[in-house]
Student: 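Right, I'll just put the structure down here and ask away after.
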Amino acid sequence: MYRIAIEKLYKWKESKHRKPLIIEGARQVGKTWLMKEFGSRAYADTVYINFDSNSRMAELFASDLNTDRLIMGIEIYTGRKIIPGNTLLIFDEVQEVPRALSSLKYFYENAPQYHIICAGSLLGIALHEGTSFPVGKVDFLSLYPLSFKEFLMATFGERFAELLDSRDYRMITSFKQTYVDALKQYYFVGGMPEAVQSFVEEKDFNEVRKIQKRILEAYEQDFSKHAPMEIVPKIRMIWNSIPSQLAKENKKFIYGLMREGARAKEYETAIMWLCDCGLIHKVSRVTSPGLPLKAYEDLKAFKLFIVDVGLLGCMTGLNMRTLLDGNDLFTEFKGALTEQYVCQQLKTIDDLGVYYYTNDRGSCEVDFIIDTGEQIVPVEVKAELNLKAKSLKTYREKFNPNISIRTSMADYKKEDWLINLPLYAVEEIYECNSF
């Protein structure tokens, strides 16, 4: 299985300004596999340490954080010689020993010759809670479930992904049915590596669903095991309400759908915990499309999406036949799945700010507004071929953006102010030639 993130790791290795690297991401998105795969490809040797329930490593890092002493201790523990530049040192589940995170400062300042990558299932929480290491002493990389393009490479082959990258839309349209079939499969399977690997090997949707259920159960167990006891019920309520929140025509998160009279301040910590775990994406409303969009963020209005479209379908009990047949009963929720899918792909693009827009009256809503750093681009999402874009036209009349994107199952078409971008090519959104 190929992960695009591995190319970022090669750039990290070759960088003259390389720092210890922290990989962030939800549980089971493939962090451990990626680190080990990179080590086997790019280094003569890899030394892997899992800090979970590792009392010996906890003792080693409990004393002073002298880097020579730490390297010697790790060499004794693993029975391996750590050679700068030739050995990749992996710290997994590093949040279990906060002093190991703190040591990264000293490796950066006093022993930059060592190549160190760290990851952990709940690392985002540890970092948010202020685990001691100075900002600026480490590099970060976010890892998500497999994108559609990565799924396409795993299931239909690299040539189809390369064709998308070429942006030769005349030829892409010739193979449209293959892309549509792959997209429907991706809606069901999603991008969790274990689910994708199973699907590639067995093509068994029932087995995929069993894996997704196991992953969801593991997440639920994390709530009880790792979250503060007083917010666990609130975390569960938020998590379980997301499918019904997304099924609404207006997908803005409404606290009252969870419990009558629920107030924002009761749930803010729980939402933050889920965000820090990497389990949800919080997409905020903006009041005006100005640069930078962050300056126009409405902190009180937002949508919540989960980490993976396949897991969302599993939470709703969606079966594959419904997805393939386009059952009328599924029409409304297909919009939710499609918006979840688009959000998930946009989040994999580096340095892309993702928001949404509604006017004060709520009569105009644009599904996503993206900040490329140079301009603001509105993105309207359509689940099928219906290309009516009333809100997008209203938005254009008011703000006159250079370009607008409508993504749907229709073929690629560029008009004066509008690009129709197929859903299966949404990862190419940053490469649209007008950006």
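Side-chain atoms are counted along with the backbone in the values below, which use heavy atoms only and exclude waters and symmetry mates.
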Student: Under the side chain to side chain donor-acceptor pair (under 3.5 Å) criterion, do Ser284 and Glu297 qualify, and how do the steps go?
Tutor: CA-CA 6 Å; Ser284 296; Glu297 184 178 12; 2.7 Å; yes
Student: Please say whether more than 12 non-hydrogen atoms of neighbouring residues, nucleotides or ligands are located less than 6.0 Å from CD in Glu158.
Tutor: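 Not more than 12 within 6.0 Å, no.
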Student: For Asp139, give me all partners under side chain to side chain donor-acceptor pair (under 3.5 Å), at least two apart in sequence or on another chain.
Tutor: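 Once residues adjacent in sequence are excluded, Asp139 has no partner under the side chain to side chain donor-acceptor pair (under 3.5 Å) criterion.
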Student: Excluding sequence neighbours, so at least two apart, what forms side chain to side chain donor-acceptor pair (under 3.5 Å) with Thr407?
Tutor: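 Result, side chain to side chain donor-acceptor pair (under 3.5 Å) vs Thr407: none returned.
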Student: Residues two or more places apart in sequence or in another chain: which of them pass side-chain contact (heavy atoms from CB on, under 4.5 Å) with Lys213?
Tutor: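 Listed in chain order: Arg209, Cys314.
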Student: Given the ring of Tyr10, does Lys8 sit roughly above its face, with NZ or CZ under 6.0 Å from the centre of the six-membered ring and within 45° of the axis?
Tutor: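 Verdict for Tyr10: no cation-pi partner in Lys8.
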Student: Between Arg56 and Glu59, does any side-chain N to carboxylate O distance fall below 4.0 Å?
Tutor: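 Not counted as a salt bridge, because no side-chain N and carboxylate O are separated by less than 4.0 Å.
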Student: Please walk me through it: do Ile83 and Gln113 pass side chain to side chain contact (heavy atoms under 4.5 Å, CB included)?
Tutor: CA-CA 9 Å; Ile83 303 172; Gln113 68 271 26; over 6 Å; no
Student: Quick check: Phe91 with Tyr48 (ring centres under 6.0 Å apart)?
Tutor: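 Between Tyr48 and Phe91, the centre distance exceeds or equals 6.0 Å.
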Student: Using modelled atom types only, decide if a donor and an acceptor are shared between the side chain of Arg285 and the backbone of Thr358 within a distance under 3.5 Å.
Tutor: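 Pair found, side chain donor or acceptor close to backbone of Thr358.
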Student: Could you report the tightest heavy-atom contact between Asp204 and Phe199, atom names first, then the distance?
Tutor: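 Closest approach of Asp204 to Phe199, heavy atoms only: N-CD1, 4.3 Å.
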Student: Decide side chain to side chain donor-acceptor pair (under 3.5 Å) for Arg236 and Ser224; before the verdict, give the C-alpha distance in whole Å, the side-chain angles of both, and the deciding distance to 0.1 Å.
Tutor: CA-CA 9 Å; Arg236 292 188 191 283; Ser224 300; 2.4 Å; yes
Student: Taking CG in Asp351 as the centre, count heavy atoms belonging to other residues, nucleotides or ligands within less than 6.0 Å. Is the count above 12?
Tutor: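 Counting other residues, nucleotides and ligands, CG of Asp351 stays at 12 neighbours or fewer.
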Student: Heavy atoms only: give me the nearest Ala218-Gln28 pair and the separation to one decimal.
Tutor: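 Heavy atoms of Ala218 and Gln28 come nearest at CB-NE2, 3.7 Å.
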Student: Could you tell me if the ring centre of Phe151 sits under 6.0 Å from that of Phe156?
Tutor: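 Here the rings of Phe156 and Phe151 have centres that are no less than 6.0 Å from each other.
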Student: Walk me through it: do Thr155 and Gln185 pass the test side chain to side chain donor-acceptor pair (under 3.5 Å)?
Tutor: CA-CA 10 Å; Thr155 52; Gln185 292 174 7; 4.9 Å; no
Student: Fit a plane to each ring of Tyr412 and Tyr169, take the angle between them on a 0 to 90° scale, and name the class: parallel (under 30°), tilted (30 to 60°) or perpendicular (over 60°).
Tutor: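 If you compare the ring of Tyr412 with that of Tyr169, the planes turn out parallel.
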Student: Is the distance from the ring center of Tyr341 to that of Tyr187 below 6.0 Å?
Tutor: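 Distance test on ring centres: under 6.0 Å, yes.
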Student: Counting only heavy atoms not in Lys347, do more than 12 fall under 6.0 Å of its NZ?
Tutor: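 Check passes, neighbour count above 12.
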Student: How long is the span from the OG1 atom in Thr316 to the CG atom in Leu318, to the nearest 0.5 Å?
Tutor: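 Rounded to the nearest 0.5 Å, the OG1-CG separation comes to 5.0 Å.
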Student: Given the side-chain rings of Phe368 and Tyr355, with only the six-membered ring counted for Trp, is the space between their centroids under 6.0 Å?
Tutor: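 They do not qualify: ring centres at least 6.0 Å apart.
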Student: For side chain to side chain donor-acceptor pair (under 3.5 Å), just list the numbers for Gln197 and Glu201, CA-CA rounded to whole Å, side-chain angles, deciding distance to a tenth of an Å, and then say yes or no.
Tutor: CA-CA 6 Å; Gln197 188 67 40; Glu201 293 173 356; 2.8 Å; yes
Student: Nearest heavy-atom pair of Val196 and Gly190: which atoms, and what distance?
Tutor: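 Result for this residue pair: CG2-O, 3.4 Å.
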Student: State, to 0.1 Å, how close Arg69 and Ser63 come at their nearest heavy-atom pair, and which atoms those are.
Tutor: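 That would be NH2-CB, 3.5 Å.
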Student: I want to check a possible cation-pi pair here: Lys137 against Tyr108, using under 6.0 Å from ring centre and within 45° of the ring axis as the test.
Tutor: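 Lys137 over Tyr108 ring: no.
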Student: Strictly below 4.0 Å, N to O, side chains only: are Glu365 and Lys303 in salt-bridge contact?
Tutor: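 Yes.
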Student: Looking at Trp239 and Leu279, what are the two nearest heavy atoms and their distance?
Tutor: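 Where Trp239 meets Leu279 most closely, the heavy atoms are CZ3-O, 3.6 Å.
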Student: Whether Lys234 and Glu266 form a salt bridge (side-chain N of Lys/Arg under 4.0 Å from carboxylate O of Asp/Glu) is what I want to check.
Tutor: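 Here Glu266 does not pair with Lys234 in a salt bridge, since their nearest N and O are not under 4.0 Å apart.
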Student: Not counting sequence neighbours, which residues clear side chain to side chain donor-acceptor pair (under 3.5 Å) with Glu194? List them please.
Tutor: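 Glu194 satisfies side chain to side chain donor-acceptor pair (under 3.5 Å) with Arg214 only.
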Student: Mind checking what makes ring pair (Phe, Tyr, Trp, His ring centres under 6.0 Å) contact with Phe253, not counting sequence neighbours?
Tutor: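 By the ring pair (Phe, Tyr, Trp, His ring centres under 6.0 Å) rule, Phe253 matches Tyr255, Phe302.
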Student: If every non-hydrogen atom of Ser103 is compared with every non-hydrogen atom of Leu70, which pair is closest and at what distance?
Tutor: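 Answer, listing the atom of Ser103 first, then Leu70: CB-CD1, 3.9 Å.
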Student: Using the test side chain to side chain donor-acceptor pair (under 3.5 Å), find all partners of Gln344 that sit at least two apart in sequence or belong to another chain.
Tutor: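 Testing Gln344 for side chain to side chain donor-acceptor pair (under 3.5 Å), a comparison that skips the adjacent residues, returns Tyr186, Asp308, Gln340.
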Student: Lys149 and side-chain hydrogen bond (donor to acceptor under 3.5 Å, both in side chains): which single residue from Gln345, Glu427, Glu428 fits?
Tutor: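 Result: among Gln345, Glu427, Glu428, Glu428 is the only option passing the side-chain hydrogen bond (donor to acceptor under 3.5 Å, both in side chains) with Lys149.
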Student: Between Glu7 and Lys11, is the closest basic N to carboxylate O distance under 4.0 Å?
Tutor: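 No, Lys11 and Glu7 are not salt-bridged.
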Student: Rounded to the nearest 0.5 Å, what's the gap from CD1 on Ile23 to CG on Leu143? Could you check?
Tutor: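 The distance works out to 6.5 Å.
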Student: For Gln245, does its backbone N or O pair with a side-chain atom of Lys251 as donor and acceptor, under 3.5 Å?
Tutor: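 Not confirmed, Lys251 side chain does not pair with Gln245 backbone.
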